[in-house]
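Counting from 1, the numbers follow the sequence of the chain as shown.
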Amino acid sequence: MSTFNAKKKCRQYSDEYLKYGFLPSINNKTIPMCLLCEKTFSNDAMKPAKMMDHLERIHFDKKNKGIEYFKMLKERFITRPNLSTFLKSSTSANSEGGLKASYSISFNIAKKGMPYTIGEEIILPAIKDVIENVMKTDPQPVLKCIPLSGNTVQRRIEEMANDVERTLISELQHCKFAIQLDESTFGSSNIFMAYVRFSSPSLNDIVDEFLFASYLKADSKGETIFLCLKDYLNKHNVPLENITAVATDGAPAMVGRYRGFSVFLKEKVPTVRTVHCVLHRQHLVAKKLSGELHEALKVCIRSINKIKTSPLNSRLFANLCEENDETFNQLLLHTEVRWLSRGDSLQRLVNLYNSSEEFLWNLDRSLCNELKLYKHHLFYLADIYSKFNEVQKRLQGKNITIIQARTMIMSFQVKLELFKSSLTRKDFKYFPNLQILKESENIADCELEIFIKHLDQLLEDFKKRFEDLENMHVPEWLVTPFDAKINDECNECDLEDELIEMSVDLEAKVLFKRGDISGYWRNINIATKYPKLRAAAEPFLLSFPTSYMVEAGFSHANTILTKQRNRLNLENRGDLRLKLTNFQPNINSLAAAHQPQPSH
C-alpha cells in the first residue's frame, strides 16, 4: 500500500533535451514544450524516448537538425516580442516599438496602394477592438504610441521610399544593368517609367527593380525620353556606360532610325543591346489576317458588342444561358489594347455559340446570318489565338531572360509548321474547337485553304520580325555547361580553366539538374566559384526580352491614381516605389533617427 501512496516522481528538465527540440514551459518549468509547434506535454513526457518519438513523428523533416539549429530557435523564442511584454514595458520602450510599428504599417499601406487616411480610419480602430476584446486590456497606452495620422503615414512613406532609392542607386553605381522603359498617358499627363535588371549584392540575386517614374513636361519624342533618363542617372551619379541592354515597345520614338531613343543612347553607349519587346512583336504578328478572316473577326466583335454593350440584352442573354445550362452566362468584350483579349473573347463566343446564335436570331437576324456564315472561321480563330495567348502568358512575368524568350518564340514558330501540316492532312488534333465542330459539320476545302494560307502568313511574318532572335548567338557552354566542348570561343574569353573545374563539380551538377538555366547561373554559389563564366553569362541574364514590367508598373500606377487620389504626384511621392520595390526599407535606422512622440 505504501508504494501506491508514495508521491509520484516529478521529472526535471535537462539541457540535453534541447537536441530533441524541447524547452521547459514558460508557465510551468516541470512540463516540456516543443520549440517547433509550441505544444506542451505532461511531466511524464519529460523522457528522451518520448521527445525523440514526437520529433520523428510530427516534425520528421527536422529530425536530422543539429543542436545549433535548436539553439537558434531557442534564442528566437526567448527574445521574440509579444503583446503582454509590450504592455508591461516602460513608456519609452512602448514609444520606440510604436514608432517601428508606424513605419511597418505605413509600408503595408503603400504596398497595397491604399490612401494614407486608412491608418487612422481603419487600422487604429481595429487594433483598439483586438486589445479590448481579446486581451481584455486598456488599449489607450498602445494606441498613443502608434502615430498613424494621414500626414504621418505620408512622411513615413516618403522616408522609406528615399531609403529604398538610396540602396538601389548605391548598387547601380558599381554594377552593369539592363533597362526597360516606356511612356503612357494618364488623363492629361504623360508618365515615363523605367525598370532595371541587375545583380544585387544585398539580395544575392538578379532582380527586376523599379528605377523611377517621371512626368514628361512637353512631347514624348526619343530625345526627350533620353534626356529624362540621362538627367536622372547623372543626378544620382550612375554612369550611362553601366547600361548593357535596353528593351522598348518598338514605337518610332523609341527605335526610330534617326531620332529614336535608342539612337541617342547608342551615341553615348555604342555597345548597348537594343531589344524590341517580343510581346509587342508577337501581338503585331497575331494581328495579321487575310481578308476573309478579318471580316469574320469583325462580325464576331459586332455580335459580342450587340449582346454585351446593352444592359438589357446582357441580362436577357444571361437568363437564356442559364436556361440552356451553359457553363458561362456572359460574353467577354474585345479590347484591342489588351493582348489576351482577342483570344479570350473569341473562345467565350465559341463556348456560348448556340445561345448567342439563338439570341441574335430574335434580336438581329442579318447579324445572326453573318455569324453563321463565318462560324468555321470563328472556331479556327479561337483556336489559333488561344495558342498565341499561351505563349503570351509564358512570356509575361519577372525574371524572364532573353534566352528563355528566344526558346519560346522559336518553338512556337516550329509548332506553326506542325499546325499547318496537320490541317493539310485534315487532322484537327491541334485545333480542339475545329475538332469538336468536325464531329457535327463538314469543314470545306476552301475554308481549310484559307486557314493554311493564314498559317503561311504567320510563319513568314514570324521569321521577319524575329530574325534577330533567330540569329542571336548563344554560347554552347551557357546552355549545356557540363556537355560543352572547349573551343576557340572559350580560349578567347579565357574561360577554359573554369569550364574544366565546373565539368567535375558534382555540387554544380546537382544544382543544374534541379533548376533551369537562368536559376543555375543566378545562383550565388556558382557566381562566387566561377566569376569569369558568370561575367560572360551576365549579358544574356540581364537583357530584358519584353517591356512587361513597365506595362505592369503602369497598371499599378492606375490602381493608385483612383478618382479620390487623382492629384497624387507619382514622381515626387514614394507610393509607387514602395508598391513596386523588391527591397525592404531599413525601418530600424529610420526609427532610430526620430525621437518617439506618443499620440495625445
Enumerate the residue pairs fulfilling salt bridge (charged side-chain N to carboxylate O under 4.0 Å, His left out) with a member in residues 371-381, sequence neighbours excluded, ordered by first and then second residue.
->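 For residues 371-381, and leaving out neighbouring residues, the salt bridge (charged side-chain N to carboxylate O under 4.0 Å, His left out) pairs sorted by first residue read Glu357-Lys372, Lys375-Glu441.
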Is there a side-chain contact between [X] and [Y], using heavy atoms and a 4.5 Å cut-off?
| X | Y | result |
| --- | --- | --- |
| Ser341 | Tyr385 | no |
| Gln173 | Asn242 | no |
| Phe544 | Asp208 | yes |

Does NZ or CZ of [X] lie under 6.0 Å from the centre of the six-membered ring of [Y], at an angle within 45° of the ring axis?
| X | Y | value |
| --- | --- | --- |
| Arg577 | Phe210 | no |
| Arg197 | Phe177 | no |
| Lys387 | Phe419 | yes |
| Arg406 | Phe540 | no |

Where the side chain of Tyr548 meets the backbone of Cys277, is there a donor-acceptor pair that is under 3.5 Å apart?
->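 No: the side chain of Tyr548 does not pair with the backbone of Cys277.
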Could you walk me through whether Lys453 and Glu449 pass the salt bridge (charged side-chain N to carboxylate O under 4.0 Å, His left out) test, one step at a time?
-> CA-CA 6 Å; Lys453 282 184 179 179; Glu449 188 177 345; 3.6 Å; yes
Partners meeting side chain to side chain contact (heavy atoms under 4.5 Å, CB included) with [X] (sequence neighbours left out):
| X | value |
| --- | --- |
| Ser386 | Gln347 |
| Lys393 | Leu340 |
| Ala253 | none |

Side chain to side chain donor-acceptor pair (under 3.5 Å) involving [X] - partner list, sequence neighbours excluded:
| X | value |
| --- | --- |
| Ser314 | Gln330 |
| Lys221 | none |
| Tyr430 | none |
| Thr224 | Asp219 |

Please table the atom pairs, donor to acceptor, closer than 3.5 Å between any side-chain atom in residues 256-269 and protein atoms at least two apart or in another chain.
unit_1 : atom_1 : unit_2 : atom_2 : d
Arg259 : NH2    : Glu223 : OE1    : 2.8
Ser262 : OG     : Met254 : O      : 3.2

side-chain contact (heavy atoms from CB on, under 4.5 Å) with Leu211: which of Val238, Leu172, Val550?
->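 The single option meeting the side-chain contact (heavy atoms from CB on, under 4.5 Å) with Leu211 is Leu172.
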Taking only residues two or more places apart in sequence or in another chain, which ones pass salt bridge (Lys or Arg N to Asp or Glu O under 4.0 Å) with Glu571?
->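 Here the qualifying residues are Lys217.
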Determine whether the aromatic ring centres of His377 and Phe451 lie less than 6.0 Å apart.
->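 His377 vs Phe451: aromatic centres under 6.0 Å.
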Nearest 0.5 Å please: distance from the OH atom of Tyr232 over to the CZ atom of Phe192.
->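 Rounded to the nearest 0.5 Å, the OH-CZ separation comes to 11.5 Å.
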Results of ring pair (Phe, Tyr, Trp, His ring centres under 6.0 Å) for His454 - residues two or more places apart only |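 Testing His454 for ring pair (Phe, Tyr, Trp, His ring centres under 6.0 Å), a comparison that skips the adjacent residues, returns Tyr380.
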Under the ring pair (Phe, Tyr, Trp, His ring centres under 6.0 Å) test, residues paired with Phe466 that sit two or more places apart |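 Phe466: ring pair (Phe, Tyr, Trp, His ring centres under 6.0 Å) contacts with Phe462.
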